[in-house]
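I am attaching a structure below and will ask some questions about it afterwards.
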Amino acid sequence: MSEANEKLKSEFNEWAADGRGEEMENHHAGIAEPVFVRMALQSGERVLDLGCGAGWATRKLARAVEGGPGMAVGHDISDEMIGRARAASTAVDNVLFTIGAADEIPWRDEYFDKVLSIESFYYYPDPSSVLRELLRALAPGGSLYILINLYRENPYSLRWVKELKVPVQVHSEGEYAELLRAAGFVNVAVDHIPDPTPTPDDYSGKWFANAEELRDFKRIGALLLTARKPPAE
Ligand SMILES: C[S@@+](CC[C@H](N)C(=O)[O-])C[C@H]1O[C@@H](n2cnc3c(N)ncnc32)[C@H](O)[C@@H]1O
């Protein structure tokens with residue numbers, strides 16, 4: 001594993017030990033729900049949750065594809081996150097978790113119908129190699145959904161860059177779209193997903209000066225990148 005990925009593994013193992021894997025469901029559910037709807041998951045589909053953390057979204061995906069070969073796989077570089085994801089998923093039959101870097105997905109070519117990645121993509125040290133790996137693992141015509149809060153057009157998210165203990169990639173919407181096209185994806189689209197969850201007036205967290213800023217951050221919304229692998233000839 002590269003030095004950059006080793007660093008990510010160690011940082012996210014600390015997050016997992018602090019219980020932050022489970023907390024992320026509260027932080028991300030508001031922006032993830034509309035994406036689950038757009039994914040239009042069908043019984044029998046095989047879906048990958050890339051950078052799955054403690055696996056809350058992977059379990060949701062698994063329930064949505066139940067039936068026949070339908071299964072959800074969560075993949076993450078942090079073995080501590082995956083340990084927690086496995087422990088919390090014993091009641092779900094059609095879910096599996098694997099440990100590793102995003103550009104080393106241990107599944108055969110063209111296995112997955114759909115891939116989702118929530119709040120993880122900007123950590124990947126080499127996003128193009130991850131996109132090539134996803135193109136390999138997706139079935140022809142399969143679709144990709146990348147949801148991220150940290151991107152150039154969201155000024156509040158740029159504050160995180162110097163506070164996080166690991167390097168992150170900061171790209172604009174246009175740069176992301178270009179990365180996807182350059183990797184070989186088609187039907188590349190960029191959208192914003194506002195976070196509809198209410199913000200209490202007495203907000204006193206670390207990342208925003210006040211509740212008004214947090215509301216504005218939620219109004220700007222997360223960046224949703226969608227794309228398809230070209231269909232078979
Ligand atoms: C902010 S968390 C989001 C987790 C989850 N998607 C969620 O919404 O709860 C980012 C996740 O990406 C994973 N991650 C970061 N860099 C990675 C890499 N290079 N390869 C695979 N996973 C990575 C981390 O271990 C962490 O679990």
Side-chain angles (χ1 to χ4, degrees), residues 1-36 39 47-62 72-89 95-107 112 114-134 136-137 144-151 154 157 160-161 163-171 179 193 195 197 206-207 221-225:
M1 195 183 284
S2 70
E3 202 178 312
N5 274 328
E6 287 289 356
K7 207 168 171 190
L8 286 160
K9 174 179 175 168
S10 137
E11 173 66 3
F12 284 102
N13 275 348
E14 281 187 29
W15 283 39
D18 291 343
R20 293 175 71 180
E22 291 76 13
E23 276 173 21
M24 281 190 270
E25 178 168 8
N26 289 335
H27 297 311
H28 302 160
I31 51 171
E33 285 300 335
V35 182
F36 295 139
M39 289 179 82
V47 56
L48 172 69
D49 181 7
L50 188 65
C52 64
W56 63 273
T58 327
R59 288 188 289 280
K60 268 188 176 277
L61 298 173
V73 173
H75 183 68
D76 200 288
I77 202 158
S78 158
D79 50 318
E80 295 284 340
M81 287 286 188
I82 293 296
R84 284 166 175 261
R86 286 179 178 151
S89 305
V95 75
L96 270 176
F97 293 95
T98 54
I99 300 167
D103 52 7
E104 292 176 6
I105 298 165
W107 295 90
F112 293 104
K114 289 172 183 165
V115 175
L116 171 66
S117 180
I118 303 175
E119 273 294 86
S120 183
F121 201 82
Y122 51 82
Y123 290 109
Y124 305 157
D126 184 352
S128 296
S129 79
V130 176
L131 292 176
R132 284 194 298 274
E133 177 67 341
L134 290 175
R136 179 194 71 73
L144 170 62
Y145 300 78
I146 297 174
L147 185 66
I148 43 174
N149 265 324
L150 196 163
Y151 59 103
N154 187 331
S157 71
W160 307 341
V161 176
E163 300 285 339
L164 287 164
K165 290 193 196 135
V166 283
V168 289
Q169 308 272 326
V170 183
H171 291 300
L179 276 175
I193 309 289
D195 182 341
T197 55
K206 170 177 173 189
W207 299 107
L223 178 65
L224 175 65
L225 301 154

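Read the numbers this way: they start at 1 and go in the same order the structure lists the ligands and their atoms. Model, not experiment: these values are computed from the prediction.
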Regarding ligand 1, does Gly51 bring an N or O atom to under 3.5 Å of one of the ligand's N or O atoms? yes
Would you say Ala101 contacts ligand 1, with heavy atoms under 4.0 Å as the rule? yes
Heavy-atom proximity to atom 20 (N) of ligand 1, best of Ala102, Gly55, Ala29, Cys52: Ala102
Would Asn13 and Asp79 count as having a side-chain donor-acceptor pair, cut-off 3.5 Å? yes
With side chains defined as the heavy atoms from C-beta onward, is the minimum distance between Ile82 and His75 less than 4.5 Å? no
Sub-4.5 Å side-chain heavy-atom contact between Leu179 and Leu131: yes
Distance under 4.0 Å to a non-hydrogen atom of Tyr124: what atoms of ligand 1 satisfy this? 16 (N), 17 (C), 18 (C), 19 (N), 20 (N), 23 (C)
Name the closest protein heavy atom to atom 9 (O) of ligand 1, giving the residue it belongs to and the distance to 0.1 Å. Trp56 NE1, 2.8 Å
Counting only nitrogen or oxygen atoms and a 3.5 angstrom limit, does Ser120 reach ligand 1? yes
Assess Ala16 for proximity to ligand 1: is some non-hydrogen atom of it under 4.0 Å away? no
Heavy atoms from other residues, nucleotides or ligands near CD of Glu163 exceed 12 (cutoff 6.0 Å): yes
Any carboxylate oxygen within less than 4.0 angstrom of a Lys/Arg side-chain nitrogen, looking at Lys9 and Glu6? no
Is there a nitrogen or oxygen of Asn5 sitting under 3.5 Å from a nitrogen or oxygen of ligand 1? yes
Is Asp76 in polar range of ligand 1, meaning some N or O pair under 3.5 Å apart? yes
Please state which protein non-hydrogen atom is closest to atom 23 (C) of ligand 1 and give its distance, to 0.1 Å? Ile77 CG2, 3.5 Å
Looking only at heavy atoms, what is the nearest atom pair of Tyr151 and Gly221, with distance? OH-O, 2.7 Å
So, Asp195 and Thr197: side-chain donor and acceptor under 3.5 Å apart, yes or no? yes
Does an N or O anywhere in Met24 fall below 3.5 Å from an N or O of ligand 1? no
Where ligand 1 meets Glu119 - atom numbers and elements under 4.0 angstrom, heavy-atom basis: 1 (C), 2 (S), 3 (C), 10 (C)
Which is it for Val73 and Val47 under the side chain to side chain contact (heavy atoms under 4.5 Å, CB included) test, yes or no, and what are the steps along the way? CA-CA 6 Å; Val73 173; Val47 56; over 6 Å; no
What I'd like to find out is whether the side chain of Thr98 reaches to under 4.5 Å of the side chain of Trp107, using heavy atoms alone. yes
In ligand 1, which numbered atoms sit nearer than 4.0 Å to a non-hydrogen atom of His28? 7 (C), 8 (O), 9 (O)
Taking 4.0 angstrom as the limit and counting only heavy atoms of Ile118, give me the atoms of ligand 1 inside it, by number and element. 3 (C), 5 (C), 6 (N), 8 (O)
